Undergrad: 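Let me give you the structure first, and then I'll get to my questions.
Residue numbers run from 1 in the order of the sequence given. We use all heavy atoms of the structure for the numbers below, so side chains are in, but hydrogens, waters and symmetry mates are not. Numbering of ligands and ligand atoms starts at 1, following listing order. Everything numeric here is computed off the predicted structure, so don't read it as measured data.
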Amino acid sequence: MLLFRLSMKLVVIGAGYVGLVTAAVFAQFGNSVIVVEIDKNRIRQLSEGKIPFFEPGLEELIKSNVKTERLSITDSYQKAIPQSEIIFLCVGTPTKNGRADLSSIYSSVKSIAENLKNKVTVVIKSTVPPGTNEKVRKVFEKTTKVEIELASVPEFLREGKAIEDTLHPYRVVIGARNKDTIKKLLKLHQKISGKRMVCSPESAQMIKYASNAFLPSKISFANSIARICDNFGINIEEVMKGMGMDKRIGPDFLNAGLGYGGSCFPKDIDALLYLSESVGYDFSILKAVKKTNNDQVDFFVNKIISLCSGSVKGKILVVLGLSFKPNTSDMREARSLYVIHRLQKLGAVVRACDPVAISEAVKVLCKADFYVDPYEALKGADGLVLVTEWDEYKNLDFVKIKKIMKSPIVADGRNIYNREGLEKLGFTYEGIGK
Ligand code: UDX
């Protein structure tokens, strides 16, 4: 006997990255999904078929599911909540004064509770500290008599690969205690590949924080080794390749460069540091991970200064790649912001170039000149500064670039170029640990 129907009535609270991707994927599986978003401007954009950020494949997936009426978007809890079987909380939990700000969680929980009619499962997908479920339960109990089941199913999606990561994650972590809730959530996720991990909601929440602290630890470790390699003339890429061949270490997240940015790693590290302080533990490894990441910017800017014979004052420097990583328009904690601010402070004239993120970058970089075409930007420039490794920048025509630049200087913050090849063409090249 089938305990649950194959298609379910789902509500997703929050039309950000996590919410829209979750909604689109579950709608594609045949479920009926309503997204609740309180930002009217965002609803208007979405109803015109526009996704408020760049995420490959998402617009098409949303459009096709809106067309078949499996997916709809509203600002009304009253309309969405009463019929729902499972509600996903996908609202933002930014850090405020170092700790996770859960105000959006609590305000949406209150709105859900006020509109509940039947027993429902509420799944927290947002990244929240362990212990949040109990606080959320109390808000429900204060507001409604309707029975709820709480679970925590953290997301592990990467921007730019969000759909792929949702469909084919390494694992689906289901944090729940109630047997029926676990069965229901396993059923809902059955078309998603990857291993299953069933645990307590608190473990699920800690798995998310620990993962988002461990991955940047690998990056900072690689960057620290790169600093030593840099001094000894050793190629960091060879070192990391050899290291990554050990299955216990693994080859991923060992690319040395300008370090990590984005909407998750920096904020989750801060939240975990806050959490550890709250229990009186000095998480010194994590503090060092953060410091190493910040130091990479200074290290790189110093390299640019020496490439420019001791001063960047008045020099035209072209920064290639503005978003925090390729395939996204997200500028949050992008390394480009730190590099550009430092260079501008030192008197450089910055031309900022990106294939996608300019509309976001203009909001946070007021003094730079913006370019989409790298060749346009490089005309008469004193230096090429690679910050984000978009594919567009990997196979540039350096013969042409040599002719149009004023000084043939390349500072490669992501180690994507070949030193020998560039030096043969007459460029002066600096990478990070190579
Ligand atoms: C990350 C996690 O990967 C994802 O599982 C989690 O749920 C959300 O946070 P995301 O922030 O989208 O995803 O980006 P990711 O691809 O992980 O890269 C993060 C940052 O690390 C980028 O700035 C990237 O440039 C940097 N990075 C990554 C390195 O500097 N070196 C590496 O080897 C890998």
Undergrad: Using a strict cut-off of 4.0 Å, indicate which atoms of ligand 1 neighbour a heavy atom of K208.
TA: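 Every atom of ligand 1 under 4.0 Å from some heavy atom of K208: 7 (O).
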Undergrad: Taking all heavy atoms of C90 and all of K125, pick out the closest pair and write down the distance.
TA: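 Closest pair (atom of C90, atom of K125, distance): SG-CB, 3.9 Å.
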Undergrad: Out of K325, R335, R158, K161, whose heavy atom is nearest to atom 3 (O) of ligand 1?
TA: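 Considering heavy atoms of K325, R335, R158, K161, the nearest to atom 3 (O) of ligand 1 sits in R158.
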Undergrad: With heavy atoms only and a cut-off of under 4.0 Å, state how L157 meets ligand 1: side chain, backbone, both or neither.
TA: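 Just the backbone.
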Undergrad: Given that the side chain starts at C-beta and the backbone is N, CA, C, O, which of these parts of L254 lies under 4.0 Å from ligand 1, counting heavy atoms, or is it both or neither?
TA: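 Under 4.0 Å from ligand 1, L254 contributes backbone atoms alone.
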Undergrad: Between ligand 1 and E333, can you find any atom pair, the residue atom being a heavy atom, that is separated by under 4.0 Å?
TA: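 The answer is no, since E333 has no heavy atom less than 4.0 Å from ligand 1.
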Undergrad: Which atoms from ligand 1 have a heavy atom of C264 less than 4.0 Å away?
TA: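 Those qualifying, in numeric order: 8 (C), 9 (O).
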Undergrad: Distance under 4.0 Å to a non-hydrogen atom of E159: what atoms of ligand 1 satisfy this?
TA: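 Atoms satisfying the 4.0 Å criterion: 12 (O).
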Undergrad: May I ask you to say whether K290 pairs ionically with D270, meaning some side-chain N is under 4.0 Å from a carboxylate O?
TA: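 Salt bridge flag = yes for D270 with K290.
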Undergrad: Closer than 3.5 angstrom, by distance alone: can the side chain of S126 be matched with the main-chain N or O of L89 as a donor-acceptor pair?
TA: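 Yes.
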Undergrad: State the CD-CZ distance between E159 and F54, to the nearest 0.5 angstrom.
TA: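 E159 atom CD to F54 atom CZ measures 11.5 Å (nearest 0.5 Å).
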Undergrad: Checking a contact table here: which protein heavy atom is nearest atom 31 (N) of ligand 1, and how many Å away?
TA: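 I find the closest protein heavy atom is N255 O, 3.1 Å.
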Undergrad: Given Y260, F324, F253, identify the one with the heavy atom nearest to atom 34 (C) of ligand 1.
TA: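 Among Y260, F324, F253, the closest heavy atom to atom 34 (C) of ligand 1 belongs to F253.
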Undergrad: Among protein heavy atoms, which lies nearest atom 25 (O) of ligand 1, and at what distance?
TA: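 So the nearest neighbour among protein heavy atoms is R414 NH1, 3.6 Å.
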Undergrad: Give me the residue, atom name and distance of the protein heavy atom closest to atom 19 (C) of ligand 1.
TA: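 For atom 19 (C) of ligand 1, the nearest protein heavy atom is F265 CE1, 3.5 Å.
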Undergrad: Is there a nitrogen or oxygen of F156 sitting under 3.5 Å from a nitrogen or oxygen of ligand 1?
TA: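 Checking ligand 1 against F156, an N or O pair does fall under 3.5 Å apart.
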Undergrad: Just verifying a value: how many Å separate R158 CZ and T166 OG1, rounded to the nearest 0.5 Å?
TA: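 Separation between the atoms: 10.5 Å.
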Undergrad: Determine the minimum heavy-atom distance between N293 and G259, stating which atoms define it.
TA: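 Looking at all heavy atoms of both residues, the shortest contact is OD1-CA, 3.1 Å.
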Undergrad: Of all the heavy atoms in G261, does at least one lie under 4.0 Å from an atom in ligand 1?
TA: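 Flag set, G261 near ligand 1.
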Undergrad: Quick one: look at I219 and ligand 1, take heavy-atom pairs under 4.0 Å, and tell me if it's side chain, backbone, both or neither.
TA: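 Side chain only.
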Undergrad: Please report whether the ring centroid of F427 lies less than 6.0 Å from that of F398.
TA: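 Under 6.0 Å, so yes.
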Undergrad: What is the minimum heavy-atom distance between E392 and P355, and which atoms define it?
TA: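 E392 and P355 have their closest heavy atoms at OE2-CB, 3.7 Å.
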Undergrad: Thinking salt bridges, do K208 and E155 make one under a 4.0 Å N-O criterion?
TA: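 Yes, this pair counts.
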Undergrad: Is K394 salt-bridged to D391, cutoff N-O under 4.0 Å?
TA: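 Salt bridge: yes.
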Undergrad: Of all the atoms in ligand 1, which lie at a distance below 4.0 Å from a heavy atom belonging to E155?
TA: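 Selected atoms, number and element: 7 (O).
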